[in-house]
J.: 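A single structure is presented below for examination.
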Amino acid sequence: MKIKAQNFNLKETLESGQFFRYKKEGAWYYCFERDTLFKIRQSGTCIEFSGTTKDHIVRLFGLDEKYEKSLKELGRDKTLARVIRKYKGLRIMRRDPWETLISFQASIMSNIKKIKLNMELIAKAHGKKLLLDNISGHTFPKPGELKDIEKLKACSLGFRAKYIHAANNIVTDKKLKELSKKSYGQAKEELMKIPGIADKVADCICLFSLGHTQAFPVDVWIERAMQKYFKNKKAKPKDIRLFAQNRWGKNAGLAQQFIYHEARNENNP
DNA sequence: AGACAGGGGTAGG
DNA sequence: CCTACCCCTGTC
């Protein structure tokens with residue numbers, strides 16, 4: 001199936017550290033989310049995919065968002081205008097909340113390569129096999145299906161295994177869905193009751209899966225970049241987050257994605 | 001080759 | 001504020 005998408009860059013979006021379960025094969029990205037395996041590629045404004053529905057693609061990549069409007073607003077900020085031009089088409093994804101929650105618990109003191117490995121190992125140990133063309137992988141377990149802590153530990157999660165195990169015992173799909181209807185503040189507060197979820201991880205879940213677009217996750221990259229752009233070397237993560245939300249409001253999350261992307265690219269030539 | 005540091009933070013002192 | 005934390009990976 002083919003659809004048109006203006007102002008969308010598949011590569012920048014998928015490879016910007018918000019999504020971890022994909023395999024690249026030529027121009028195709030084979031993407032895994034919960035029980036679905038689909039493939040997708042882009043040529044200009046044409047998006048081609050198979051293995052899932054149009055609705056899923058539109059929602060997952062935020063193609064129904066008022067992206068142009070957000071960019072226009074952010075672009076008034078001279079500090080951002082340059083990176084927006086450079087990475088135009090980079091979107092905030094709207095992923096499955098449960099899988100997002102686990103991904104970012106796994107992200108603590110880790111790196112993208114290892115997060116991808118962890119997620120693949122969790123799926124392989126608990127999920128069912130999926131096949132599309134000659135690419136295989138596994139479904140992601142549902143909340144409640146990660147009750148064997150030893151099995152989790154075997155997924156190279158280290159100290160994170162206990163966090164994920166705890167989340168598995170607390171969270172349901174229904175509860176997570178409800179968080180998208182609550183306010184950003186309430187959703188974040190609820191998430192932070194779960195072990196292994198504090199400010200940064202909660203903001204990632206809010207932003208990448210619950211539609212709380214003002215969430216502004218502050219990791220070390222964002223911290224360094226914001227200190228540099230706004231010349232405040234002593235700013236602490238909380239100050240930076242509040243500064244950003246005050247400055248960019250509902251577009252703060254999108255601003256974060258651009259700043260993060262640029263910071264990572266500057267340091268990984 | 002084998003040791004060593006460090007990486008998308010968090011919780012507990 | 002400070003530190004330990006599991007484990008993979010890159011580097012010396």
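So that the names make sense, note that chain A is the first sequence line, chain B the second, and so on, each numbered from 1.
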J.: Among the nucleotides dC6(C), dA11(B), dC8(C), which one has an atom lying closest to any side-chain atom of Phe159(A)?
T.: dC6(C)
J.: If I take atom CD1 in residue Ile108(A) and atom C1' in nucleotide dC7(C), what distance separates them, rounded to the nearest angstrom?
T.: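 One finds 14 Å between C1' of dC7(C) and CD1 of Ile108(A), rounded.
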J.: Any strand counts, and the cut-off is 3.5 Å on both contacts for Watson-Crick or G-U wobble. Which nucleotide pairs with dT9(C)?
T.: dA5(B)
J.: Considering every strand and a 4.0 Å limit on heavy-atom distances, what is the contact class for Lys113(A): base, sugar-phosphate, or nothing?
T.: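 Sugar-phosphate, no base atom in range.
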J.: Using whole Å, what does the distance between atom P of nucleotide dT3(C) and atom CE of Met109(A) come to?
T.: 15 Å
J.: Hey, which of these two, Cys204(A) or Gly196(A), hits DNA chain B nearer its 5' end, going by closest nucleotide?
T.: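 Upstream on the strand: Cys204(A).
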J.: What is the distance, to the nearest angstrom, from the CD1 atom on Ile115(A) to the P atom on dT9(C)?
T.: 13 Å
J.: If you check every side-chain atom of Lys200(A), which of dC6(C), dG7(B), dT10(B) has the closest atom?
T.: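 Closest nucleotide to the Lys200(A) side chain: dT10(B).
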J.: Does Lys116(A) place a side-chain N or O at less than 4.0 Å from the phosphate oxygens OP1/OP2 of dC8(C)?
T.: no
J.: Can Arg76(A) and Glu73(A) be counted as an ion pair, charged N to O under 4.0 angstrom?
T.: no
J.: Any salt bridge between Lys86(A) and Glu262(A), counting N to O under 4.0 Å?
T.: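 Yes.
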J.: Tell me whether Lys174(A) is salt-bridged to Glu178(A), with the criterion being a basic N under 4.0 Å from an acidic carboxylate O.
T.: yes
J.: Write down the distance separating the P atoms in dC7(C) and dA1(B), rounded off to the nearest Å.
T.: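 Pairwise P distance, dC7(C) against dA1(B), rounds to 24 Å.
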J.: Just compare dA11(B), dC5(C), dT9(C) and give me whichever is closest to any side-chain atom of Leu117(A).
T.: dT9(C)
J.: Does Lys88(A) come within less than 4.0 Å of Glu12(A), counting only side-chain N to carboxylate O?
T.: no
J.: Can you tell me which nucleotide in dC7(C), dT9(C), dG9(B) comes closest to the side chain of Lys114(A)?
T.: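 Nearest nucleotide to the side chain: dC7(C).
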J.: Checking all strands, does Phe104(A) fall into the base, sugar-phosphate, or nothing category for heavy-atom contacts under 4.0 angstrom?
T.: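 It contacts nothing in the nucleic acid.
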J.: Leu152(A) has an atom CG; how far is it from atom C1' of dC6(C), in whole Å?
T.: 14 Å
J.: In whole angstrom, what separates Lys162(A)'s NZ from dG9(B)'s C1'?
T.: 12 Å
J.: Nearest whole angstrom, please: distance from the C1' of dG7(B) to the CZ of Phe20(A).
T.: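 That distance rounds to 13 Å.
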J.: Let me know the distance between CD of Glu120(A) and C1' of dC8(C), rounded to the nearest Å.
T.: 14 Å
J.: Want to settle it: does Ile194(A) or Arg160(A) sit nearer the 5' end of DNA chain B, counting the closest nucleotide to each?
T.: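 Its nearest nucleotide being more 5', the pick is Arg160(A).
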J.: Please check if any side-chain donor atom of Tyr260(A) sits under 3.5 Å from a side-chain acceptor atom of Gln18(A), or the reverse.
T.: no
J.: Reckon Ile222(A) touches a base, only the sugar-phosphate, or nothing at all at heavy-atom distances under 4.0 Å?
T.: nothing
J.: In terms of side-chain heavy atoms of Ser156(A), which of dC6(C), dT10(B), dC8(C) is nearest?
T.: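 Of the candidates, dC8(C) comes closest.
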J.: Cation-pi between Lys116(A) and Tyr22(A): NZ/CZ under 6.0 Å from ring centre and within 45° of the ring axis?
T.: yes
J.: At under 4.0 Å between heavy atoms, what does Phe208(A) touch on the DNA or RNA strands: base, sugar-phosphate, or nothing?
T.: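 Nothing: the residue Phe208(A), judged by heavy atoms under 4.0 Å, touches no strand.
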J.: Answer with base, sugar-phosphate or nothing: what part of the nucleic acid does Pro217(A) contact at a heavy-atom distance below 4.0 Å?
T.: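 Nothing, no heavy atom under 4.0 Å.
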J.: Taking the P atom in each of dC6(C) and dG2(B), what is the distance between them to the nearest angstrom?
T.: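 Between the two P atoms, the distance is 26 Å.
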J.: Measure the distance from CG on Asn111(A) to C1' on dT11(C) and round it to the nearest whole Å.
T.: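 It works out to 14 Å between those atoms.
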